[in-house]
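Order of the sequence lines sets the chain letters (A, B, ...), proteins ahead of strands, with each chain counted from 1. Keep in mind that what you see is a predicted model, and the values were worked out from it rather than measured.
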Number of protein chains: 2
Amino acid sequence: MLPLSEIFAALGDPVRFSIVERLLAEGEVAAGDLVSGSGITAPAISRHLSVLRDAGLVQSRAEAQRRLYSVRPDSLQTIARWTMDHREFWESSVARLDALMALEEKK
Amino acid sequence: MLPLSEIFAALGDPVRFSIVERLLAEGEVAAGDLVSGSGITAPAISRHLSVLRDAGLVQSRAEAQRRLYSVRPDSLQTIARWTMDHREFWESSVARLDALMALEEKK
DNA sequence: CGGTTAATTAACCGATTCGCGAAATAAAGG
DNA sequence: CCTTTATTTCGCGAATCGGTTAATTAACCG
């Protein structure tokens with residue numbers, strides 16, 4: 001499968017993360033619609049989209065001149081699988097106790 | 001909670017990702033032990049650890065001169081919660097069909 | 001064909017990142 | 001104290017990143 005750290009790197013940029021969240025909320029969104037309201041220019045968005053595509057996070061579909069982007073479900077599943085692989089760790093009471101102790105020490 | 005895109009950014013570096021995976025596998029590991037076998041120097045590892053700590057992914061505990069690092073369970077839980085928030089998307093048969101179609105089109 | 005719209009590519013630039021070696025800090029232990 | 005061990009902080013170059021404007025490609029439409 002796709003390398004997990006590349007997926008994380010793609011989501012690590014706040015602009016790209018918000019793009020993915022918008023795609024998740026709206027389904028398919030054209031590149032131009034992602035530009036509107038993003039605060040940055042079309043070329044910048046286009047490059048972000050290519051990073052997301054290279055990481056396997058999004059796919060695009062052509063409709064006339066527009067390119068409609070959407071999230072690739074299997075990429076999210078890859079992340080979910082990784083977290084679930086360690087579920088017993090972050091879900092255990094011992095783990096939660098460690099978390100509380102860390103909060104009390106604070107830094 | 002901690003900003004999700006900062007967590008992803010921290011995990012986006014392959015060195016940091018492998019550090020987290022080793023901490024998950026072994027529990028607590030001293031900084032020096034993380035250096036051995038990483039291929040990079042101690043200062044580099046130290047900086048990676050501070051990035052991971054700033055992102056809320058790891059915590060450290062002092063024991064004599066050593067600093068023992070471990071994963072903060074709540075940070076993994078934060079990621080798991082985000083994926084679960086969109087579970088019905090990547091788990092649905094419609095979504096899986098989209099994924100298959102994308103693979104057939106292939107770019 | 002000529003014009004318009006949509007998106008990407010090219011070229012450039014400032015800021016950040018990631019590695020290093022050297023120096024500083026912290027805690028033990030003779 | 002002084003040395004050893006463990007880790008972090010400090011500069012410093014090389015490389016990457018994220019943004020810009022300008023140019024290019026692609027598809028539709030009169």
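Between the P atom of C/dT9 and the CG atom of A/L49 lies a distance of 11 Å, rounded to the nearest Å. In this structure, A/R66 places its CZ atom 12 Å from C1' of D/dC28, rounding to the nearest Å. Atom CG of A/D54 and atom P of D/dT16 are 15 Å apart (whole Å). Here the C1' atom of nucleotide C/dT8 and the CG atom of A/L52 are 15 Å apart, to the nearest Å.
Scanning all heavy atoms of the two residues, the minimum distance from B/V35 to B/I40 falls at CG1-O, 3.7 Å.
B/L24 CG to A/D85 CG: the interatomic distance, rounded to the nearest 0.5 Å, is 10.0 Å. Rounded to the nearest 0.5 angstrom, A/R67 CZ and A/R61 CZ are separated by 12.5 Å. Note that OG of A/S75 is 10.5 Å distant from CG of A/L4, once rounded to the nearest 0.5 Å.
Applying the 4.0 Å criterion to OP1 and OP2 of C/dT8, one finds that A/Y69 has a side-chain N or O inside that range. Contact annotation: B/H48 side-chain N/O to C/dG19 OP1/OP2 distance is under 4.0 Å.
A/R87 is linked by a salt bridge (charged side-chain N to carboxylate O under 4.0 Å, His left out) to A/E91, counting only residues two or more places apart in sequence or in another chain. For B/R66, the side chain to side chain donor-acceptor pair (under 3.5 Å) criterion is met by no residue, not counting sequence neighbours. Considering only residues two or more places apart in sequence or on other chains, B/T41 meets the side chain to side chain contact (heavy atoms under 4.5 Å, CB included) condition with B/P43, B/A44. Here B/Q65 pairs with nothing under the side chain to side chain donor-acceptor pair (under 3.5 Å) rule; sequence neighbours left out. Applying the side chain to side chain contact (heavy atoms under 4.5 Å, CB included) rule to B/S46 yields no partners; only residues at least two apart in sequence or on another chain are considered. Residues that satisfy the side chain to side chain contact (heavy atoms under 4.5 Å, CB included) test with A/A80, not counting sequence neighbours, are B/T83, B/M84, B/W90.
Counting only residues at least two apart or in different chains, ring pair (Phe, Tyr, Trp, His ring centres under 6.0 Å) contacts with residues 53-85 of chain A comprise A/F8-A/W82, A/W82-A/H86, A/W82-B/F17. Each salt bridge (Lys or Arg N to Asp or Glu O under 4.0 Å) pair with one or both residues in residues 13-27 of chain A, not counting sequence neighbours, appears once here: A/R22-A/E26.
Counting only Watson-Crick and G-U wobble pairs whose two key distances fall under 3.5 Å, DNA chain C forms stems of three or more stacked pairs at C:1-30 with D:1-30.
The only option from B/L52, B/L23, B/I19 that meets the side-chain contact (heavy atoms from CB on, under 4.5 Å) definition with B/V71 turns out to be B/L23.
Residues of residues 10-36 of chain A that place a heavy atom closer than 4.0 Å to DNA chain C, in numerical order, are A/A30, A/A31, A/G32.
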Could I get a table of every N or O pair under 3.5 Å where one atom is in the protein and the other is in nucleotides 20-23 of chain C?
from: C/dC20; atom 1: OP2; to: B/T41; atom 2: N; distance (Å): 2.9
from: C/dC20; atom 1: OP2; to: B/T41; atom 2: OG1; distance (Å): 2.6

Which parts of nucleotides 24-30 of chain C does protein reach within less than 4.0 Å, heavy atoms only, written one letter per nucleotide 5' to 3' as B for base, S for sugar-phosphate only and - for none?
-> ---BS--

